[in-house]
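What follows is a set of notes on a single structure, which appears directly below.
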Amino acid sequence: MTWRSPLALVRDALRGQRAREKDLRNLASNLPYEGLEKAKQPNCYFPGNAIKTTKYTLLLFIPMNLFEQFHRLANIYFVGLAILNFVPVVSAFQPGVALIPICVILSLTALKDALEDFRRYQSDRKLNNTPCFIYSRKEQQFIKRHWKDVRVGDFVKVVCNEIVPADLLLLHTSDPNGVCHIETSNLDGETNLKQRKMMSGVCISDLTVQRMFLTFSCCREKPNKEKVGAGIESLLLRGCTVRNTDHAVGFVVYAGHETKAMLNNKGPRYKRSKLERKLNTDVIFCVILLFTMCLIGALGHFLWLQALPGVPPYLVPDGNGHLDSPSLSGFYMFFTMIILSAILIPISLYVSIELVRIGQIFFITNDIDLHDEGTDSRVQCKALNITEDLGQIEYIFSDKTGTLTENKMVFRRCSIMGTEYAHKENAIRLAVLDVPVSEEEVILNQQPRPPRIGWSLDTEDSNPEDKWHHHDNRRKSKVTGNAQSDAAFSSLLEAEVIPDRKLLQQISRAESSSSSRNIDPYLDFFLGLAICNTVVVSMATARRQRVSGFSRSDQTSSPLDTLSSLVKKSGSLQHIFPSWQHKPKKNRTISEDSVEEEDHVKPPVKIEGSGDTNKLRTCSLHTPSQSAMTPDNLSYEAESPDEAALVYAAKAYGFTLLARTPECVTVRLPSGEDLVFEVLDTLTFDYNRKRMSVLVRHPITKEYVLYTKGADHAIMELLGTPYTEYLSGKQKNIAANTQHHLDCYAKEGLRTLCFTKKVVSDKAYESWSVNRQRALAAIDNREELVMDTAVQLETDLSLLGATGIEDRLQESVPETIMALREAGIQVWVLTGDKTETAVNIGYACRLLEEEDLVINMSCGNKFACTSMLDCTLEEVRRYSEDPRNVDTTQNISLVIDGRTLTMALSSDLQKRFVDLAKRCRTVLCCRVTPLQKSRVVTVVREQLNVMTLAVGDGANDVSMIQAANVGIGISGQEGMQAVMASDFAISRFKHLKKLLLVHGHWCYTRLANMLIYFFYKNVAYVNLLFWHQFLCGFSGSAMIDYWLMIFFNLFFTSVPPIMFGIMDKDVSAEMLLGVPELYRTGQGAGEYTFTTFWISMLDAFYQSLVCFFIPYLAYRDSDIDVFTFGTPLNTISFFTILLHLSIEIKAWTVVHWVIMLGSVALYFIVTLAYSAICVTCNPPSNPYWILQRQMADPMFYLLCIITTVVALLPRYMFHVLRNSIAPSPLVKARHLDRLDPSTRDQCMKEWRSFRGIAHVRPFRLSTPPSPTLETPVDIHPHSSATSDIMWDERHH
Amino acid sequence: MGKVKGKSGPLARRPDNSAFKQQRLPAWSPMLTANTVLPFFYLMALICMLLGVWLLLTVQSTQEIKLDYTEAGTCDICFEKRKNVSNAAQTCTCTVVFPIKKALKGDVFFYYGLQNFHQNLRRYMDSRDDGQMVGRKTNLKNPSSYCEPFTKNQNGLPIAPCGAVANSIFNDSFTLTYHGSSGPSIRVPLLRKGITWYTDKNVKYRNPKNDNMTLAQVFEGTAQPLYWQKPVYELDPLDPTNNGFINDDLIVWMREAAFPNFKKLYGVLYRASQPFTKGLPAGNYTINISYNFPVQYFQGRKEVVLTTLTWFGGQNHFLPVAYLVTSCLILLIAILLTVAWWKFGKNGKRMEE
């Protein structure tokens, strides 16, 4: 580096600042400047790619860490005390000694911080030294460098399966279509592939063209947390992995800390738990107590001095031989007393709590029951300091999709042009799939199952008995689909759809008969299914595995195979299945037939399609290769599982999505011909529109066709002209019929989607296209503008049909919800789904019971809402106050929809709504937006002042998760946003049961008991000193050696409570799970209340009185000296404090014994060693040989025994009496724990049944219980069709 | 997650199914209910009762004679005299006569006692230099600042031993005379040595190293404490080895008493000669007191205590009584619990409450 004037440095710095902060950044390639010194390069103002996430630097560690630590009030307090001790008039101890505790605490914390920081440094260094390829002009090729060498303006090559080192603008890819597939699981956890296009306007066909590199410069928007700016579709973000693409070259636009990944990285979250907030008030109590004691000391000293008749020889004047006046001495004494009783404020408390939490988190994450084998993931604790909140939850707000349900979408039914196709066989297949799980399972149950179980083809598939059996089986073992989950979103469960026969016939009829088949609604419907999505096609053979995944080749047999194997075993059903096994083949036969038919009608479409537009060329380049692609080994990867399910459904009917690039979509028709649609635009899904559209150009008709799919209410209001072909009178009812079907679907708990088509005229497209381009190019309000253009186009749609997709309940959801409810937790479900869907799922997961009073709130305007709220509230009040309902449990449920909810949550109705909701056992909120979700949580949390927990899996749950006291993310199918925002991440909903009921309870009781004990311990110990003041003229003298006092707190009695906080187990996990009611003990105030706190304070006072005055009375009038008197006191209170803990410890394991006995041993060894070494140290105590002498004196032991016994007698007796006369549920549970397992289970059952909660009812999935629901005939048009089918098949 | 990395294959992140990690360690969980603790309560009551009775019997066998001599006998004159500080240099002796009605058998310990004298005040306790007392020469000449203001005298000489504790040493001395029913008065022989802790005398308190120098030479350049009549190296005129910092009386005094009312050992009865071989016989005794220590500044009392000891200390009825009372208390609770047990039946079995 050459020397540069400081002025130039400042100027450069300013310029750099400006360059970085400009909204648009001008970047130039580094290549022309290669070899120049750094300052001369155009991009020198932008940071390099090396990242530094460490908080400290080596040199500045100590000052910075100290600065950090002194943000804690407690630390300042203790340093203040230590400083106070240096003031001679008030010092209680040798000045240096008082520094020890604070130094130990500070250095411990600093050590912890340093270790953490070092770990960060190591990972930074590893990351910075990851190799990558940077283009070098000198070498004329990409040379291997490190990530840290990457700078803005460089050209970087990333090869397949490598991680992108910085935010790159994609310039070149090996893919002929100019796309690059990336996986963003490192960023947001989404495992599906995403496509990135090459920068438009830049064309690099050959890497040898280097002039391009030299002249290239580009403008980028300033990095910003909200948006990365235009051109996201050609930006490779740091942290993504390149997949399915051999290599890609990009231009670095953001590096290092300016990359989006780094900007989004917010680090761990810190919440303050309820217990901790309460703890702080108790610390304040302690401060008040301390001040009271100090005041008493000061006043006492003053009075004592006043009462002296003269100047006794023991009153020591100051250096000048001058005695302070009594009042001044009293004033000084106040401070001396503060120093003396400083331990009253537990200095090690905060450190201990942190240690306890680390231990608790260790045990939670190591719980094997919370480990999901399907994804091989453990529970993750992201928030480190709210473990105990898990034990106090009163309200749970749950998302539905993906949280209660699997989020494994299975195509169930569809309705096309107002006609319903029930897909009965498909339903049966799904039902059957539940049964055969693994070979072992089947072998174990050798006896053939009675045929009616599982797949009886009765039309009433809602037979509760049968359903019960299914789910019983499902619960026993894993769902097959679950085992497949390592392949992203495409388990066989979803992939295999058995087509409806009637619909197949309809399609083949449409294909064969209609000459103008391109506008047949059936074909359009399936084209819509296949096209209107963002599914990425990948070859099944090249199917990506999740990083942590493992192959389960043995399980990849098709469900049909499994089915047939089962059939072989259970013999009696063979007459049903052969037909199915042949089904796919038959399907293909149809299409082959039609191919033959079609071939001579139309020449191959490919030729026509190609050469059409410039862009399409790339697509057609691709088509030949696809001919090799058989539809069987395709797999679809979608951002949302619904899309994949729909594409698979379309595939089952022969409409196979073969390829999708940003420019074109290739679909193979049942006839076998491949249609290449040019994609003109994709109007992506958003939560406001609740729909998505794809605008394509039909290769044959050349029409601009807009396929839209979306939630029914988002579509129905946009309907315009009915489908052209069906203008005749009866078709007027298409919308009405479809709506009716949709309602029925929803009642069955299916997710519904509507499909529409719109033919856009050329002119309209042209004008819209201009708007669209403008919106896309806009920089301000871009998202809004883009959405507006989408809304502009999505009008006047013609309805094609609707689909019903089943999202199955996760295993053990009903049981979990039952248990949570028994635990006194109110469970709310907030979902974006339709009311009917939500209600049905509510019944399925036993959130709603049949005898419940379900209040359905849905109203259009605020006035109606107000009156409705008032009425309902009044009624509910009357209902609950009705003496006849006293013995029944509160069973009112509220179902409310999003619109009404908005009104109910407005500030004037809020109170009434909360009042109503409080009285309801369950609240279902349907059609709510993410923002409403968080609003509900906030309102309930604040109005009712309760502990809330929100659980969800998707990005739409993030705000709710953040609003709740405890946020739980389910790492499911919808990416990691929820998990990122959460405090705890689990993989299945059922894990919530153990997490709350067992770990929550344990963590809470452990920490609460430990806190109480900590306060007790300090008060009991400090009061010994306080009582001593009454005998020494309140002079602030201590009878215990100060070192021993420090050791006492820091070593002798600190480990047992920490172990107590980590390992104590009041009730076994089995009992807690078996009797969820036990969870109630922690709710509300729990065990750590005002009373328990003050009872233990009183106990501490009593014990310290005993520990001081029994030895005092025993030694009174003797020749005992101060420190010889202090030693048995110290020992006695040591034993008392430890034995007190022993009374509180509920279960003694080896660890407990080792630590307790170890503490005793440590006490004696350290004290003996200390008193053997210390001849003149630490005046005036000089503990030399005191303990040794005491231990040779029988009096010492006599005192130890009597004092400890008397001190602990009340607490012991209190425990015994309470446990004997009025045992708490926890005590009863502990009693049961001691019984042998069989008796215990029996007792547990009795207990639960006595409470009248747990009568087990059969569980139903799809019986709509609402009396208003008529079973429409057209849903089951062929209730006896099964035999038909069979007959058909056999003759085929 | 560092530990997890080692594993590979399927379920690599599956936690160990060990008893510790799954919190399933075998545990002993005691139940604190009436039926389980009753035996323990009765046992405790019994043990305490037995100990209490034993201790009580032991204490009963001891004897103690306390004699407040502050203004007793002829000491009232001295008491008045000491009220005036100007008379501090004057000596004053007085005599107190007292009877012993029952002989004190065994070892008899002679204590002097002070009431209302706070040796446990913080500033007072601190006002000493253990480094000086352990014989460090630097500390001898440069006493620790803890001794302020008793570090230097008016002439600027360092005080040895410095500090308020040494300064305020109890300086009354006693001679006890036995007036037997027959025969002449016999001076009761008291052992004035060996009344300290062995470790104090041999480790904690040392005279500065004197290479063939007399003690007086060693202490040259130091001054005696302000209240002292003689320097530290002349404390015991009879025994030259009992002078300086290792003087027994000084060591006893320097061990600061825990409570304002305390006693300190003055001597032990020397039982070598008749009639004291079995202790102190009954009869009349007189104590000659060299009355120096003023107590009126703190309304104190001075006393002499003659006592025999038990294996667990002096005559103190508190401990046996405490044991007996505790025993009764535990018994009471045990009975209460028995009643509870009878009334509420077998605990834990009834879940329907």
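Keep in mind that this is a model prediction, so the values were computed, not measured. So that the names make sense, note that chain A is the first sequence line, chain B the second, and so on, each numbered from 1.
Contact check for W1185(A) versus Y198(B): no side-chain heavy atoms found under the 4.5 Å cut-off. A heavy-atom distance below 4.5 Å is found between the side chains of N1182(A) and K204(B). Using a 4.5 Å cut-off on side-chain heavy atoms (C-beta onward), Y1115(A) and N316(B) make no contact. Residues E256(B) and D1121(A) fail the side-chain proximity criterion, which asks for heavy atoms closer than 4.5 Å. In this structure, the side chains of M1063(A) and F20(B) come closer than 4.5 Å at one or more pairs of heavy atoms. Side-chain contact check for Y111(B) versus D1119(A): some heavy-atom pair is nearer than 4.5 Å. Considering only heavy atoms from C-beta on, F41(B) comes within 4.5 Å of L1209(A) through its side chain. In this structure, V1151(A) and L25(B) have side chains that are in contact, with non-hydrogen atoms separated by less than 4.5 Å.
Residue L370(A): no heavy atom, backbone or side chain, is found under 4.5 Å from chain B. When heavy atoms are compared at a cutoff of 4.5 Å, Q23(B) approaches chain A by way of both its backbone and its side chain. Interface residue L121(B): backbone and side-chain heavy atoms are both found under 4.5 Å from chain A. For L340(A), no part sits under 4.5 Å from any heavy atom of chain B, backbone or side chain. Residue V311(A) touches chain B through its backbone alone, counting heavy-atom pairs closer than 4.5 Å. Contact annotation for P30(B): both backbone and side-chain heavy atoms come within less than 4.5 Å of a heavy atom of chain A. Neither the backbone nor the side chain of V1067(A) comes within contact range of chain B; no heavy atoms are under 4.5 Å apart. If you measure heavy-atom distances from R1189(A) to chain B, the contacts under 4.5 Å come from the side chain alone. Only the backbone of A1038(A) comes within contact range of chain B, with at least one heavy atom under 4.5 Å from a heavy atom of that chain. Contacts between K1146(A) and chain B at a heavy-atom distance below 4.5 Å involve the backbone alone (N, CA, C, O). When heavy atoms are compared at a cutoff of 4.5 Å, M133(B) does not approach chain A at all. Interface remark: F40(B) contributes side-chain atoms only to the contact with chain A (heavy atom separation under 4.5 Å). Using a 4.5 Å cut-off between heavy atoms, N116(B) touches chain A through its backbone atoms (N, CA, C, O) alone. H322(A) does not touch chain B: none of its heavy atoms, backbone or side chain, sits under 4.5 Å away. For V134(B), the part sitting under 4.5 Å from any heavy atom of chain A is the side chain, from C-beta outward, and nothing else. Contact of F1196(A) with chain B is not made at all, since no heavy-atom distance falls under 4.5 Å.
Counting heavy-atom pairs closer than 4.5 Å to chain B, the top residue among V1227(A), T1176(A), L1217(A) is T1176(A). Most heavy-atom pairs under 4.5 Å with chain B, from the set S1068(A), C1032(A), A307(A), G310(A): that is C1032(A). Per-residue heavy-atom pair counts under 4.5 Å with chain B were compared for K1065(A), H1028(A), M1039(A), and the maximum is reached by K1065(A). Of the listed residues E148(B), R128(B), R255(B), the one with more heavy-atom pairs under 4.5 angstrom with chain A than any other is R255(B). If you tally non-hydrogen atom pairs under 4.5 Å between each of Q315(B), Q296(B), K263(B) and chain A, the highest count goes to K263(B). Between chain B and the residues D1066(A), L1199(A), I1110(A), the most heavy-atom pairs under 4.5 angstrom are made by I1110(A). With chain A as the partner, the residue from T36(B), T307(B), I333(B), T310(B) showing the most heavy-atom pairs under 4.5 Å is I333(B). Ranking Q299(B), K264(B), M44(B) against chain A, the residue ahead of the rest is Q299(B), based on heavy-atom pairs under 4.5 Å. Across S18(B), A258(B), S127(B), G163(B), the residue that shares the most heavy-atom pairs under 4.5 angstrom with chain A is A258(B). Annotation: maximal heavy-atom pairing with chain B below 4.5 Å, among D1193(A), T1124(A), L315(A), D1233(A), occurs at T1124(A).
The backbone N or O of R13(B) lies less than 3.5 Å from a partner atom in the side chain of R378(A), making a donor-acceptor pair. With hydrogens and angles disregarded, no donor-acceptor distance shorter than 3.5 Å links the side chain of T33(B) to the backbone of V1216(A).
The disulfide (SG to SG under 2.5 Å) search around C147(B) returns C162(B), not counting sequence neighbours. Partners of R122(B) according to the side-chain contact (heavy atoms from CB on, under 4.5 Å) rule, which considers only residues two or more places apart in sequence or in another chain, are M333(A), T336(A), S1035(A), S1037(A), D126(B).
In this pair, W28(B) and W1153(A) present their aromatic rings parallel. The plane angle is below 30°, not in the 30 to 60° band.
Looking at every heavy atom in both residues, P313(A) comes nearest to Y227(B) through CB-CE1, 4.1 Å. Across every non-hydrogen atom of P15(B) and N366(A), the tightest pair is CB-O, 3.1 Å. Taking both residues in full, the closest heavy atoms of A1114(A) and F318(B) are given as N-CD2, 3.6 Å, listed atom of the first, atom of the second, then distance. Residues N120(B) and L1031(A) come closest through the heavy atom pair ND2-O, 3.3 Å. The heavy-atom pair separating F363(A) from K21(B) by the smallest distance is CD2-O, 3.5 Å.
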I'd like to know whether V37(B) forms a side chain to side chain contact (heavy atoms under 4.5 Å, CB included) with Y1212(A), so could you lay out the CA-CA distance, the side-chain angles of the two residues, the decisive distance to 0.1 Å, and finally the verdict.
CA-CA 10 Å; V37(B) 299; Y1212(A) 198 67; 3.4 Å; yes
Run the side chain to side chain contact (heavy atoms under 4.5 Å, CB included) test on I330(B) and V1205(A) for me, step by step, so that the C-alpha distance in whole Å, both residues' side-chain angles and the decisive distance to 0.1 Å come before the verdict. CA-CA 9 Å; I330(B) 296 175; V1205(A) 166; 3.8 Å; yes
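In this structure, the separation between CD1 on I368(A) and CG on D16(B) is 8.0 Å, given to the nearest 0.5 Å. Here the OG atom belonging to S1220(A) is positioned 13.5 Å from the NZ atom belonging to K343(B), to the nearest 0.5 angstrom. Between atom OG of residue S1118(A) and atom CG of residue N261(B) there is a gap of 11.0 Å, rounded to the nearest 0.5 Å. In this structure, CG in L32(B) is found 7.0 Å from CZ in R1230(A), a value given to the nearest 0.5 Å. Atom CG of L51(B) and atom CD1 of I1202(A) lie 8.5 Å apart (nearest 0.5 Å).
Within 6.0 Å of CZ on R119(A) lie no more than 12 heavy atoms contributed by other residues, nucleotides or ligands.
Annotation: Y314(A) is not in aromatic contact with Y297(B) [ring centroid separation under 6.0 Å not met]. The distance between the ring centers of F259(B) and F1125(A) falls below 6.0 angstrom.
One finds a salt bridge joining D1117(A) and K66(B) here, because a Lys/Arg side-chain nitrogen approaches an Asp/Glu carboxylate oxygen to under 4.0 Å.
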